[in-house]
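Only one structure is covered here, and it is reproduced in the block below.
Chain identifiers are assigned alphabetically (A, B, ...) following the order of the sequence lines, protein sequences preceding nucleic acid strands; residue numbering begins at 1 within each chain.
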Amino acid sequence: MTDRLTIATWNINSVRLRLPIVERFLKTYQPGVLCLQETKCPDGNFPFAPLRKAGYQNIEISGQKGYHGVATISKRPLTETERRKFCDNSDCRHIATDVPFCGRHLRIHNFYVPAGGDELDPHINDKFKHKLDFLDEMEDWLGATTFPCMVVGDLNIAPYEQDVWSTKQLSRVVSHTPLERERLEDVRKAGPFVDAMRCFVPMEEKLYTWWSYRAKDWEAANKGRRLDHVWVTPPLAPKVVNVEVVREARGWDCPSDHAPVLATLEG
DNA sequence: ATGGTCGCTAAGCGA
């Protein structure tokens with residue numbers, strides 16, 4: 001008996017404002033699990049009822065007022081939940097849940113890594129220092145992962161040349177600096193984890209998950225970046241049978257600036 | 001080189 005599970009990740013930039021497109025996405029793509037980032041929603045105001053009504057009975061959240069916030073919603077039971085704080089502050093940037101897959105538990109880490117501000121010098125820019133410290137802590141904590149595990153979410157770094165519209169023009173823009181690209185590779189290798197998206201799209205091809213709100217016509221300009229990621233522990237890699245960016249969702253009414261990413265496991 | 005647009009939550013911050 002083969003098991004099949006689709007996991008989605010999406011920086012939603014306010015789950016309450018965008019509930020209509022979350023419902024549309026769930027109805028259209030029917031993922032087993034959806035990991036949301038930037039819910040911007042205190043726990044008491046989270047829209048549990050409409051998501052349960054959409055078929056997602058199992059919901060684990062870590063939210064705060066105004067900023068950040070993550071949530072994992074699932075058709076399958078979520079048997080274990082962990083909310084980790086990073087960098088000794090109370091930002092809600094991580095939630096891990098266990099979901100049954102293939103007769104055992106799959107741990108799904110849902111991350112929202114700090115964006116890091118604009119200034120490139122971490123001595124001047126506290127937000128960039130926070131981002132680098134967060135990555136250091138991720139590396140230590142996720143290192144030597146031995147059980148079936150996925151890392152998904154908005155990691156706010158586009159690591160490879162073809163993950164941005166112009167690697168030259170973005171080399172001094174936070175999200176694609178050589179330092180961040182190297183640090184993210186260090187985190188990935190510490191798992192170690194396999195970059196599942198790049199297993200399905202060759203390194204030579206452009207691949208984006210985010211398009212700025214500031215472009216007049218995001219689709220025509222197509223100045224995107226791959227800020228959202230799906231990583232798996234090596235034994236899971238051959239079980240990933242599909243990964244895709246749902247680019248159409250960037251064009252829906254009242255969109256997030258991020259598109260969802262779908263990854264399907266079969267085993 | 002600069003400014004461009006969003007979503008909080010009620011002027012400015014974060015992205």
Side-chain angles (χ1 to χ4, degrees), chain A residues 9-25 35-47 61-71 85-94 110-122 124-135 152-159 163-177 179-181 183-184 208-229 247 249-261:
Chain A
T9 179
W10 196 4
N11 178 317
I12 199 61
N13 187 17
S14 173
V15 68
R16 287 174 288 177
L17 187 66
R18 284 183 232 295
L19 188 59
I21 62 168
V22 173
E23 292 173 317
R24 178 174 177 180
F25 174 70
C35 297
L36 295 168
Q37 303 87 36
E38 277 205 274
T39 53
K40 295 185 173 176
C41 183
D43 290 351
N45 298 334
F46 193 86
I61 63 178
S62 178
Q64 65 185 85
K65 186 177 173 182
Y67 304 102
H68 324 312
V70 290
K85 300 298 180 187
F86 287 79
C87 302
D88 284 320
N89 73 26
S90 59
D91 286 3
C92 296
R93 297 182 176 275
H94 167 268
N110 175 358
F111 273 102
Y112 176 51
V113 172
D118 294 328
E119 173 59 50
L120 294 176
D121 183 351
I124 296 168
N125 177 2
D126 285 343
K127 292 198 278 280
F128 194 51
K129 182 176 189 312
H130 180 213
K131 183 178 198 174
L132 298 173
D133 289 346
F134 193 101
L135 293 166
V152 307
D154 178 4
L155 306 185
N156 263 316
I157 297 170
D163 292 339
V164 294
W165 64 277
S166 167
T167 193
K168 189 174 174 187
Q169 287 184 254
L170 290 169
S171 67
R172 297 176 53 76
V173 173
V174 169
S175 74
H176 191 66
T177 62
L179 177 59
E180 293 166 90
R181 294 167 63 186
R183 292 299 300 114
L184 191 67
Y208 312 142
T209 64
W210 175 89
W211 294 263
S212 172
Y213 284 128
R214 294 178 189 180
K216 280 197 186 94
D217 180 342
W218 71 274
E219 200 162 21
N222 198 27
K223 291 182 172 178
R225 303 178 202 171
R226 184 169 71 117
L227 303 181
D228 303 276
H229 296 271
R247 190 186 163 109
R250 180 63 180 80
W252 289 348
D253 281 346
C254 189
S256 168
D257 44 358
H258 294 251
V261 182

Exercise. Output the single nucleotide from dA10(B), dG12(B), dG4(B) whose closest atom is nearest the side chain of Lys65(A).
Key: dA10(B)

Practice problem: With the side chain counted from C-beta on, respond yes when Asn13(A) and Tyr213(A) share a heavy-atom pair under 4.5 Å apart, and no when they do not. | Solution: yes

Quiz item: Looking at Arg18(A), does any N or O in its side chain come under 4.0 Å of the phosphate oxygens OP1/OP2 on dG7(B)?
Solution: yes

Exercise. Using the P atom on both, measure dC6(B) against dA10(B) and round to a whole Å.
Key: 22 Å

Exercise. Report which part of the nucleic acid Arg93(A) touches: base, sugar-phosphate, or nothing (heavy-atom distance under 4.0 Å, all strands).
Key: sugar-phosphate

Quiz prompt | Whichever of Ala215(A) and Pro114(A) has its nearest DNA chain B nucleotide further upstream toward 5' | solution = Ala215(A)

Exercise. Find out whether Ile157(A) and Leu135(A) are in side-chain contact, i.e. whether some heavy atom of one side chain is under 4.5 Å from a heavy atom of the other.
Key: yes

Quiz item: In whole angstrom, what separates Asp228(A)'s CG from dA15(B)'s C1'?
Solution: 13 Å

Quiz item: Do Ser256(A) and Arg18(A) have side-chain atoms, one donor and one acceptor, less than 3.5 Å apart?
Solution: no

Quiz item: Just how far, in rounded Å, is C1' of dC6(B) from CH2 of Trp210(A)?
Solution: 11 Å

Quiz item: If we take the P atom in both dA1(B) and dG12(B), what is their distance in whole Å?
Solution: 29 Å

Quiz item: His68(A) has an atom NE2; how far is it from atom P of dC13(B), in whole Å?
Solution: 15 Å

Quiz item: Side chain of Glu38(A): nearest nucleotide among dG7(B), dA10(B), dA15(B)?
Solution: dA15(B)

Quiz item: Just to confirm, is there a sub-4.0 Å distance from OP1 or OP2 of dC8(B) to any side-chain nitrogen or oxygen of Ser14(A)?
Solution: yes

Quiz item: If the C1' atom of dA15(B) is compared with that of dG3(B), how far apart are they to the nearest Å?
Solution: 15 Å

Quiz item: Phosphate oxygens OP1/OP2 of dG14(B): is one of them under 4.0 Å from a side-chain N or O of Lys127(A)?
Solution: yes

Quiz item: Regarding Ser62(A) and His94(A), is there a side-chain donor-to-acceptor distance under 3.5 Å anywhere?
Solution: no

Exercise. Could you check Asp154(A) against Tyr213(A) and say which one's nearest nucleotide on DNA chain B is further toward the 5' end?
Key: Tyr213(A)

Self-check item: Between dA15(B) (C1') and His130(A) (NE2): distance, integer Å
Solution: 14 Å

Quiz item: Within this structure, what is the CZ-to-P distance between Arg225(A) and dA15(B), rounded to whole angstrom?
Solution: 13 Å

Quiz prompt | Asn13(A) CG - dT5(B) P separation (whole Å) | solution = 16 Å

Exercise. Count the heavy atoms of every other residue, nucleotide or ligand shown that sit under 6.0 Å from CG of Asp88(A), and state whether that count exceeds 12.
Key: no

Quiz prompt | Atom-pair distance (CG on Asp217(A); P on dG4(B)), nearest Å | solution = 18 Å

Quiz prompt | Gap between atoms CG and C1', on Leu17(A) and dC8(B) respectively (whole Å) | solution = 10 Å

